[in-house]
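Per chain, numbering begins at 1; letters A, B, ... match sequence-line order.
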Number of protein chains: 2
Amino acid sequence: MADENVLRSIGVIARALDSIANIEFKQFDLTRGQYLYLVRVCEHPGIIQERLIEMIKVDRTSASRVIQKLEKNGFIMRQADEVNKKIKHIFPTDKGQRIYPQIKRENDYSTTVALQGLSSAQIKTVTQLLTKMSANVSADWEGVKKGQPRQY
Amino acid sequence: MADENVLRSIGVIARALDSIANIEFKQFDLTRGQYLYLVRVCEHPGIIQERLIEMIKVDRTSASRVIQKLEKNGFIMRQADEVNKKIKHIFPTDKGQRIYPQIKRENDYSTTVALQGLSSAQIKTVTQLLTKMSANVSADWEGVKKGQPRQY
DNA sequence: TGAATTATGTTGCAATTACAATATTATGCA
DNA sequence: TGCATAATATTGTAATTGCAACATAATTCA
């Protein structure tokens with residue numbers, strides 16, 4: 001079944017580029033996994049933890065710890081909501097914002113590498129299809145994380 | 001830059017489906033990450049660790065430990081090479097082989113979910129493009145893992 | 001209106017992961 | 001032919017990760 005290679009390729013690309021990014025961001029004092037959160041916080045200042053979790057599909061306990069660490073190390077800061085005592089808004093600090101262009105640059109470079117040899121039309125196609133696939137798996141992830149087994 | 005969404009979608013799909021798989025394989029006494037190795041060993045009996053590492057793009061120390069654990073728990077067995085004392089061939093045990101159909105079934109189901117709404121032509125296209133992208137990032141991964149910084 | 005349920009975030013604990021260093025063996029080269 | 005280099009795998013260590021349980025607050029519902 002050739003279709004299975006879709007997910008295998010996705011897994012390989014994700015692991016390879018994640019590993020590369022973690023290694024490359026060590027020079028900015030970002031430890032494993034931190035860049036993933038920091039870049040989203042920079043692009044969505046004021047976001048709350050729950051929205052981040054939904055956006056990037058990570059475990060809530062991992063997110064809690066990474067965000068604590070990013071705050072401790074001065075990359076982000078958290079602000080309580082004025083009305084809703086349950087949520088805290090996350091903002092990048094100056095230090096965090098200064099690193100954002102490097103993360104963008106690395107991400108753009110990795111994208112260039114990954115897309116090498118693809119035409120503009122193919123890039124557009126693969127982008128659209130992956131966006132759809134991402135949306136497709138989203139519901140299953142939420143359900144399984146909430147303890148609802150998938151039936152198959 | 002819309003192109004950056006390619007890698008973001010890939011990351012989301014990979015994390016979501018990996019998390020789902022780890023949760024679903026707990027019932028087969030497979031712990032986090034183990035299914036990834038076991039399925040490849042079942043499909044490539046006799047493979048050596050180095051080849052597995054290249055195939056799935058994981059850290060060699062992680063691979064060493066996961067394989068040890070899989071052996072300890074009776075899913076695989078290792079055999080020294082007759083000629084080359086440095087390599088060990090990895091085979092699935094009966095126990096390991098019995099779980100293979102379940103891993104395949106889960107993987108097929110996840111593929112079905114991910115590809116929902118895509119036509120056959122689109123599936124073929126995205127498969128081909130992802131295979132190419134996977135090959136594209138492979139060289140960078142090997143270089144960076146060997147300590148060679150990327151220039152950009 | 002008050003209890004039940006859901007939402008958001010955190011902590012204890014144990015397992016996993018990866019860096020750095022190490023060990024052993026095979027291969028390359030002068 | 002012997003030394004240097006590369007290849008394959010492992011271990012010590014510390015950091016990260018996720019399950020299960022927990023805490024607090026908001027929302028739902030009878």
Under 4.0 Å between any heavy atoms, over every strand shown, what does [X] touch: base, sugar-phosphate, or nothing? Just pick one.
X: B:R78; value: sugar-phosphate
X: A:I53; value: nothing
X: A:T31; value: sugar-phosphate
X: B:I23; value: sugar-phosphate
X: B:K146; value: nothing
X: A:V66; value: sugar-phosphate
X: A:N22; value: nothing

Using the rule side chain to side chain contact (heavy atoms under 4.5 Å, CB included), only one of A:T125, A:I123, A:L130 pairs with A:T127; which is it?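 Result: among A:T125, A:I123, A:L130, A:I123 is the only option passing the side chain to side chain contact (heavy atoms under 4.5 Å, CB included) with A:T127.
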Has [X] got a side-chain N or O lying under 4.0 Å from the OP1 or OP2 atom of [N]?
X: B:S62; N: C:dA18; result: yes
X: B:K88; N: D:dT10; result: yes
X: B:Q49; N: D:dT10; result: yes
X: B:Q68; N: D:dA9; result: no
X: A:K145; N: D:dC19; result: yes
X: A:K69; N: D:dT16; result: yes

Please give, in whole Å, the distance from [N] [atom2] to [X] [atom1]?
X: B:E54; N: D:dA7; atom1: CD; atom2: P; answer: 10 Å
X: B:R15; N: D:dT16; atom1: CZ; atom2: P; answer: 17 Å
X: B:K26; N: C:dA14; atom1: NZ; atom2: P; answer: 16 Å
X: A:D59; N: C:dT16; atom1: CG; atom2: P; answer: 15 Å
X: B:L70; N: C:dT17; atom1: CG; atom2: P; answer: 11 Å
X: B:D29; N: C:dT16; atom1: CG; atom2: P; answer: 12 Å
X: B:E142; N: D:dA7; atom1: CD; atom2: P; answer: 11 Å
X: B:N84; N: D:dA6; atom1: CG; atom2: P; answer: 18 Å

Checking contacts here: which listed nucleotide (D:dA9, C:dA26, C:dG9) is nearest the side-chain heavy atoms of A:I87?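 The answer is C:dG9.
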Looking only at side-chain atoms of A:I48, point me to the closest of C:dG9, D:dT16, C:dA20.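 In terms of side-chain proximity for A:I48, the closest of C:dG9, D:dT16, C:dA20 is C:dG9.
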Compare all side-chain heavy atoms of B:I48 with those of B:I90 and state whether any distance is below 4.5 angstrom.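 Side-chain contact under 4.5 Å: no.
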Sub-4.5 Å side-chain heavy-atom contact between A:E24 and B:R150: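 Sidechains of B:R150 and A:E24: in contact.
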Under 3.5 Å, is there an N or O donor on one side and an acceptor on the other linking the side chain of B:K86 and the base of D:dA7?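 Answer is yes: a donor-acceptor pair is held.
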Going by modelled atom types, is there a donor-acceptor pair between the base of C:dG9 and the side chain of A:R65 at under 3.5 Å?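 Between C:dG9 and A:R65, which were checked side chain against base, a qualifying N/O pair under 3.5 Å is absent.
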Worked check of side chain to side chain contact (heavy atoms under 4.5 Å, CB included) between A:Q68 and A:S64: CA-CA 6 Å; A:Q68 282 177 28; A:S64 178; 3.4 Å; yes
Both A:D18 and A:H89 contact DNA chain C. Taking the nearest nucleotide for each, which residue is further toward the 5' end?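 Looking at the nearest nucleotide for each, A:H89 comes out on the 5' side.
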Need to verify one output field. Residue with the more 5' nearest nucleotide on DNA chain C, A:R60 or B:V58?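 In this pair, the answer is A:R60.
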Treat each ILVMFWY residue as a node, draw an edge where side-chain heavy atoms are under 4.5 Å apart, and state whether B:Y100 and B:L52 are in one component.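 Hydrophobic grouping puts B:Y100 with B:L52.
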Once the angle between the rings of A:Y152 and B:Y109 is folded into 0 to 90°, is it parallel (under 30°), tilted (30 to 60°) or perpendicular (over 60°)?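 Aromatic pair A:Y152/B:Y109 classed parallel.
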For the student: nearest non-hydrogen atoms of A:T31 and A:Q34, plus distance: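 Here A:T31 and A:Q34 meet closest at N-OE1, 2.7 Å.
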